[in-house]
Amino acid sequence: MPLKIATWNVNSVRQRLDHLARFCARYEPDVLCLQEIKVPSDDFPVAAVEAMGYPHVLVHGQKGYNGVAILSRRRLTEPQKQIWCERDDCRHVAAQVGGVEVHNFYVPAGGDVPDPEQNQKFAHKLQFLSEMAAWATTDKLATRKAIVVGDLNVAPLEHDVWNHKRLQRSVGHTPVEAAHMARLWAAGELIDVPRHFVPEPEELYTWWGYRFPQSFAKNYGWRLDHVLVTPPLRKRLKSLEIVRETRTWERPSDHVPVVLHLK
DNA sequence: ATGGTGGATACTCCA
């Protein structure tokens with residue numbers, strides 16, 4: 001059965017309901033994984049997303065920060081809300097849908113200083129990525145039909161950022177973060193789907209920051225949002241699209257959706 | 001060397 005699955009860091013689901021409706025009407029994903037919903041689970045706008053065609057909703061949210069959700073047209077089973085780094089800050093939710101295991105992550109951004117000794121946030125990010133790799137190994141992720149999506153807050157490859165040389169010392173593109181990402185890929189034998197379709201050196205970005213007002217116009221982008229699949233799904237890969245147009249809409253999220261189409 | 005903007009919150013944190 002075909003399956004269209006999208007991931008999108010919406011930067012507050014309540015601020016982005018109009019964009020969600022527009023995106024869903026245009027791209028019609030069967031499953032939509034959201035990050036940074038910034039709302040407690042009980043206050044999630046379930047009626048609004050049901051009206052968009054998503055009656056199955058799994059939310060792991062809290063007040064103010066972080067938070068993830070899976071919206072689906074099909075029934076979601078075996079819900080999971082794992083805790084990482086011994087703190088429940090709503091960064092992971094997972095479920096089975098259409099015979100596939102979908103894991104939705106929001107990895108810590110890591111603060112500004114790329115040194116785990118000086119910066120606890122960076123240490124937390126590295127530990128989170130290490131735990132993901134350990135989980136992929138011990139749970140034998142590679143043997144299952146699994147999809148890992150979300151805002152992993154790492155642009156691992158040279159052409160995943162607009163200026164590799166300049167940004168190597170910036171959090172999100174340091175060699176140590178790229179090495180952690182490579183260990184996760186190896187641990188789950190994960191296929192980096194966007195790069196499967198569009199290899200380096202072509203640029204691929206999913207995020208353009210707010211702090212430089214011209215970042216999108218100048219294409220100062222980073223590829224922070226990821227779609228990874230295990231080997232049993234390789235033959236079902238049909239297409240992948242990074243939906244840049246949402247970044248041109250009024251009051252956009254700083255991240256754009258990524259849509260995977262499985263045969 | 002530094003600041004820029006956006007969202008949630010409540011006199012500030014996080015990205």
Side-chain angles (χ1 to χ4, degrees), chain A residues 7-23 33-45 48-49 59-69 84-85 87-93 104-116 118-129 149-156 160-163 165-174 176-177 180-181 205-226 244-258:
Chain A
T7 179
W8 195 3
N9 177 325
V10 285
N11 188 18
S12 170
V13 69
R14 289 177 291 191
Q15 289 297 324
R16 226 64 66 195
L17 284 174
D18 288 351
H19 286 201
L20 270 179
R22 245 169 115 177
F23 168 72
C33 295
L34 304 178
Q35 303 89 37
E36 279 205 273
I37 59 174
K38 295 185 173 178
V39 66
S41 296
D42 290 344
D43 297 336
F44 191 89
V49 301
V59 186
H60 192 196
Q62 63 181 9
K63 190 164 131 182
Y65 310 108
N66 310 335
V68 287
W84 303 77
C85 304
R87 52 170 119 164
D88 186 8
D89 48 1
C90 304
R91 295 183 181 276
H92 169 255
V93 70
N104 178 17
F105 282 96
Y106 176 52
V107 171
D112 291 328
V113 180
D115 176 356
Q118 282 183 59
N119 173 9
Q120 277 306 108
K121 291 178 184 173
F122 194 70
H124 179 212
K125 179 180 198 173
L126 295 183
Q127 193 190 336
F128 197 105
L129 291 165
V149 301
D151 177 4
L152 305 188
N153 266 313
V154 179
D160 290 341
V161 292
W162 63 277
N163 187 331
K165 194 174 176 185
R166 175 193 289 205
L167 296 171
Q168 272 182 311
R169 275 160 272 109
S170 296
V171 170
H173 192 60
T174 60
V176 65
E177 290 165 279
H180 277 66
M181 183 72 85
Y205 309 143
T206 66
W207 176 86
W208 296 262
Y210 291 128
R211 297 188 199 185
F212 298 94
Q214 296 302 306
S215 67
F216 188 68
K218 292 184 180 293
N219 202 24
Y220 293 164
W222 299 52
R223 185 168 71 107
L224 301 179
D225 302 276
H226 292 266
R244 294 170 71 113
E245 70 166 307
T246 65
R247 192 64 177 78
T248 68
W249 295 349
E250 196 181 354
R251 285 190 299 279
S253 169
D254 42 355
H255 297 256
V256 300
V258 183

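Here is the naming used below: chain letters follow the sequence lines, and residue numbers restart at 1 for every chain. This structure is a prediction, so every number in the text was calculated from the model and none was measured.
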Taking the [atom1] atom in each of [N] and [M], what is the distance between them to the nearest angstrom?
N	M	atom1	value
B:dG6	B:dT2	P	24 Å
B:dC14	B:dA10	C1'	15 Å
B:dG7	B:dA1	C1'	27 Å
B:dC13	B:dT9	P	15 Å

Once the angle between the rings of A:His19 and A:Trp249 is folded into 0 to 90°, is it parallel (under 30°), tilted (30 to 60°) or perpendicular (over 60°)? perpendicular
Look at the side-chain N and O atoms of A:Gln15 and state whether any lies under 4.0 Å from the OP1 or OP2 oxygen of B:dA8.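 True: A:Gln15 side-chain N/O within range (under 4.0 Å) of B:dA8 OP1/OP2.
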Respond yes when some side-chain nitrogen or oxygen of A:Arg16 is under 4.0 Å from OP1 or OP2 of B:dG7, and no when none is. yes
Scan nucleotides 9-15 of chain B nucleotide by nucleotide, 5' to 3', and note B when protein non-hydrogen atoms come under 4.0 Å of the base, S if they reach only the sugar-phosphate, - if neither. SS--BSB
Decide yes or no for A:Pro108 and A:Lys121: does some side-chain heavy atom of the first lie under 4.5 Å from some side-chain heavy atom of the second? no
Using the rule side chain to side chain contact (heavy atoms under 4.5 Å, CB included), only one of A:Thr206, A:Val149, A:Asn9 pairs with A:Val258; which is it? A:Thr206
Taking atom [atom2] of [N] as reference, at what distance in whole Å does atom [atom1] of [X] sit?
X	N	atom1	atom2	answer
A:Phe212	B:dG6	CZ	C1'	15 Å
A:Leu17	B:dG7	CG	P	13 Å
A:Tyr220	B:dG4	OH	C1'	13 Å
A:Asn11	B:dA8	CG	P	7 Å
A:Asp112	B:dG3	CG	C1'	11 Å
A:Arg166	B:dA1	CZ	P	14 Å

Check ring pair (Phe, Tyr, Trp, His ring centres under 6.0 Å) between A:Tyr106 and all other residues, then give those that pass, not counting sequence neighbours.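 With sequence neighbours excluded, A:Tyr106 shows a ring pair (Phe, Tyr, Trp, His ring centres under 6.0 Å) to no residue whatsoever.
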Verify whether one side chain among A:Asp89 and A:Trp84 offers a donor that lies under 3.5 Å from an acceptor in the other.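 There is no such pair (donor and acceptor under 3.5 Å, judged by atom type) between the side chains of A:Asp89 and A:Trp84.
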Any donor-acceptor N or O pair under 3.5 Å, side chains A:His60, A:Asn104: no
Output the distance between atom CH2 (A:Trp222) and atom CG (A:Leu167), rounded to the nearest 0.5 Å.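 Those atoms lie 4.5 Å apart.
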